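One-based numbering, in listed order, for ligands and for the atoms of each. Source: prediction; values computed, not measured.
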Amino acid sequence: MSSQRVLIIGAGVIGLTHAVTAREAGHSVTILERDGRALGASIRNFGTLWPIGCAFGPERDQALFGVKRWKQIAAAAGIWHSAKGSLSLAYREEAWSVLNEFGAANGDFELLEAQEVVRRYPAANPQGLRGALFSQEETVIHSPTAIPALADYARQLGVAIHYGTPVVKVHADSVDTADGRTFAFDHLVIAAGEEMRLFFPEELTAAQIQPCRLQMMRTVPQRAGFDLGAIFVSDLTLCHYPAFRGCPSTAKLRTRLEAELPDHHRWGVHVIAAQHHDGTLTLGDSHEYGLDLPPGSQPEVDELILGALLDFAIIPDLRIASRWQGIYLKSKIGQTQVVLHPCEHVTMVTAMGGLGMTLSWGLAQRTIQSWNS
Ligand SMILES: Cc1cc2nc3c(=O)[nH]c(=O)nc-3n(C[C@H](O)[C@H](O)[C@H](O)COP(=O)(O)OP(=O)(O)OC[C@H]3O[C@@H](n4cnc5c(N)ncnc54)[C@H](O)[C@@H]3O)c2cc1C
């Protein structure tokens with residue numbers, strides 16, 4: 001296909017991965033970003049590339065492709081990443097059953113007895129530990145620095161990025177920006193994160209997508225030599241991602257957790273701990289849904305997250321250096337990514353929920369390939 005003019009709204013991870021992929025395919029690419037730099041979900045997340053959260057089949061393949069692409073770009077652009085895998089720790093009998101069922105049904109995972117877990121991962125809390133599942137694919141990047149580095153990389157490839165340039169109107173073959181300029185396109189990709197509803201709101205409503213707000217924290221740097229050794233999660237997380245839904249014991253685990261931890265259930269709390277190059281730990285999260293959420297963070301939610309963390313991890317220094325909220329759009333009907341074509345030559349990419357860092361390279365490839373057909 002000949003070179004086309006590709007216009008992208010939004011310089012978050014979805015906009016940038018589409019830009020790099022389109023540029024690599026030989027297109028002329030321009031990104032229009034409302035803010036002075038990307039400030040949305042893409043710099044507010046854990047930075048975990050998370051195939052273990054994805055359903056087996058095409059979605060896991062897409063996630064593995066995402067990890068591979070991030071590693072390639074990280075090598076080319078000097079982006080820090082840590083490929084030490086993930087450790088899912090089980091404390092309740094039902095959680096241990098889920099991990100055994102999951103490990104038996106799928107290759108590539110290592111089931112570890114409690115003693116072995118503690119030997120390999122001194123930061124794992126041994127109190128009540130049944131065992132753990134190690135998965136080698138999961139990788140951590142540091143989103144607040146990785147996203148600007150990805151933008152620089154896109155620019156080096158020849159992508160034009162206009163920051164401080166909100167798009168206010170979409171026409172059939174051009175968009176208007178707030179400063180009165182018009183940008184023409186052959187293909188438009190709308191990757192406006194939580195603001196997708198500004199464009200084609202009826203199509204978005206019909207697709208049953210809702211905003212979800214999450215609370216997050218980052219600790220101070222841990223003492224020199226402290227190494228979590230992998231991304232840590234535990235019982236609560238096994239009920240959160242699609243990958244474990246097929247395990248017979250997941251429903252039993254969910255019932256038990258909802259009875260034992262009603263406040264965690266109410267706030268949608270499950271806990272991920274990811275360590276970064278500066279020794280800090282990124283911790284979260286919670287899930288609140290709707291268009292009318294009160295603005296403040298809930299201190300009790302942070303306490304629930306920290307309490308649940310200590311059930312599975314021994315952290316030398318739990319002083320919190322920063323707290324923030326992130327918002328993403330999520331499908332009400334369980335889709336992990338939604339692609340809409342509200343009119344010819346316009347693609348809206350949204351609702352990647354908590355997996356956008358992981359899945360967006362694969363989605364970008366699909367979008368750009370679809371223009372050939
Ligand atoms: C707390 C949290 C934790 C997460 N953890 C993970 C994780 O560990 N792993 C993972 O894979 N995923 C994770 N995710 C999900 C992932 O971060 C998102 O799916 C992804 O960042 C969405 O990317 P995006 O580009 O659509 O959105 P955004 O990053 O929000 O980017 C959208 C951009 O569009 C711009 N924009 C909006 N309106 C306009 C306009 N009118 N004109 C121009 N520009 C506009 C915005 O300014 C913004 O920069 C997490 C998300 C959150 C919130």
Heteroatom proximity flag, Pro166 to ligand 1, N/O under 3.5 Å
no
For the 3.5 Å polar cut-off, considering only N or O atoms, please tell me whether Gly356 and ligand 1 meet it.
yes
Do Glu258 and Thr255 meet the criterion of a side-chain donor-acceptor pair at a distance under 3.5 Å?
no
Taking 4.0 angstrom as the limit and counting only heavy atoms of Gly47, give me the atoms of ligand 1 inside it, by number and element.
8 (O)
For Ile9, the ligand 1 atoms with a heavy-atom partner under 4.0 Å come out as 40 (C), 42 (N), 43 (C), 44 (N)
Which one holds for Ala191 and ligand 1: side chain close, backbone close, both close, or neither close, with close meaning a heavy atom under 4.0 Å?
backbone
Taking NZ, NE, NH1 and NH2 as the nitrogens, is one of them in Glu94 or Arg254 under 4.0 Å from a carboxylate oxygen of the other?
no
Taking only non-hydrogen atoms of Val13 and a 4.0 Å limit, the atoms of ligand 1 in range are 20 (C), 21 (O), 23 (O), 25 (O)
Using the side chain to side chain donor-acceptor pair (under 3.5 Å) rule, take Arg366 and Gln369 through it: C-alpha gap first, then chi angles, then the decisive distance, then the call.
CA-CA 5 Å; Arg366 276 217 300 276; Gln369 281 175 351; over 6 Å; no
Is the shortest distance from a heavy atom of Tyr328 to ligand 1 less than 4.0 Å?
yes
Sub-6.0 Å ring centroid separation between His270 and His264
no
Using heavy-atom distances, let me know which of Ser42, Ser143, Gly66, Ser360 sits nearest atom 23 (O) of ligand 1.
Ser42
Could you tell me, atom by atom, which parts of ligand 1 come under 4.0 Å of a heavy atom of Asn45?
2 (C), 3 (C), 4 (C), 5 (N), 6 (C), 13 (C), 14 (N), 17 (O), 50 (C), 51 (C)
Enumerate the atoms of ligand 1 whose separation from the nearest heavy atom of Phe199 is less than 4.0 angstrom.
41 (N)
Please check if any side-chain donor atom of His142 sits under 3.5 Å from a side-chain acceptor atom of Thr145, or the reverse.
yes
Does the side chain of Asp173 pick up a donor-acceptor pair with the side chain of His345 at under 3.5 Å?
no
If you measure every N or O of Leu49 against every N or O of ligand 1, does any of those distances drop under 3.5 Å?
no
If you have a sec, work out which protein heavy atom is nearest atom 30 (O) of ligand 1 and how many Å separate them, to one decimal?
Ala41 N, 3.3 Å
Per-atom contacts, ligand 1 versus Gly326 - under 4.0 Å to a heavy atom
53 (C)
Does ligand 1 have a heavy atom under 4.0 Å from the side chain of Glu33, from its backbone, from both, or from neither?
both
Side chains of Thr282 and His276: donor-acceptor distance under 3.5 Å anywhere?
yes
Report yes or no: does a heavy atom of Gly353 sit under 4.0 Å from some atom of ligand 1?
yes
Show every donor-acceptor pair shorter than 3.5 Å between a side-chain atom in residues 299-315 and any protein atom, with sequence neighbours excluded, or say none if there are none.
residue : atom : partner : partner atom : Å
Asp302  : OD1  : Gln215  : NE2          : 2.9
Asp302  : OD2  : Arg323  : NH1          : 2.8

Students should be able to answer this: which protein heavy-atom is nearest to atom 26 (O) of ligand 1, and at what distance?
Ile14 CD1, 3.3 Å
Side-chain H-bond candidate by donor/acceptor type, Ser135 with Glu138, under 3.5 Å
yes
Numbered atoms of ligand 1 (with element) below 4.0 Å of Met216, judged on heavy atoms
1 (C)
Which residue and non-hydrogen atom of the protein lie closest to atom 41 (N) of ligand 1, and at what distance in Å?
Val167 O, 3.0 Å
For Ser3 and His27, which I'm curious about, is there any donor-acceptor pair between the side chains at under 3.5 Å?
no
To the nearest 0.5 Å, what is the distance between CD on Glu194 and OH on Tyr328?
12.5 Å
I need the contact type for Leu32 against ligand 1. Using non-hydrogen atoms and a strict under-4.0 Å cut-off, is it side chain, backbone, both or neither?
backbone
Are any of the N/O atoms in Asp285 less than 3.5 Å from those in ligand 1?
no
Is there a donor-acceptor pair closer than 3.5 Å between any side-chain N or O of Trp70 and the backbone N or O of Met357?
yes
Starting from atom 43 (C) of ligand 1, find the nearest protein heavy-atom neighbour and note its residue, name and distance.
Arg34 N, 3.1 Å
In sequence, state the C-alpha distance, the side-chain angles, and the governing distance for Gln337 and Gln62, and then conclude on side chain to side chain donor-acceptor pair (under 3.5 Å).
CA-CA 11 Å; Gln337 46 206 318; Gln62 185 180 339; 2.8 Å; yes
Can you confirm, on distance only, whether ligand 1 has an N/O atom lying under 3.5 Å from any N/O atom belonging to Ala38?
no
Around atom 31 (O) of ligand 1, find the nearest protein heavy atom and jot down its residue, atom name and distance.
Gly12 CA, 3.5 Å
Side chains of His18 and Thr367: donor-acceptor distance under 3.5 Å anywhere?
yes
How close does the nearest protein non-hydrogen atom get to atom 37 (C) of ligand 1, and which residue and atom is it?
Ala192 O, 3.4 Å
Indicate whether any N or O donor in one side chain lies under 3.5 Å from an N or O acceptor in the other, for Glu101 and Ser249.
yes
Non-hydrogen atom of Gly354 closer than 4.0 Å to ligand 1:
yes
Tell me which protein heavy atom sits closest to atom 27 (O) of ligand 1, plus the residue, atom name and distance to 0.1 Å.
Gly193 CA, 3.5 Å
Does ligand 1 have a heavy atom under 4.0 Å from the side chain of Glu195, from its backbone, from both, or from neither?
side chain
Do any nitrogen or oxygen atoms of Thr358 come within less than 3.5 Å of a nitrogen or oxygen of ligand 1?
yes
Got the closest protein heavy atom to atom 8 (O) of ligand 1, with its distance?
Thr48 OG1, 2.6 Å
Ligand 1 atoms nearer than 4.0 angstrom to some heavy atom of Arg44 are 1 (C), 2 (C)
Just checking, any donor-acceptor pair under 3.5 angstrom between side chains of Gln325 and Ser297?
yes
Please tell me whether His287 and His240 form a close aromatic pair, meaning their ring centres lie under 6.0 Å apart.
yes
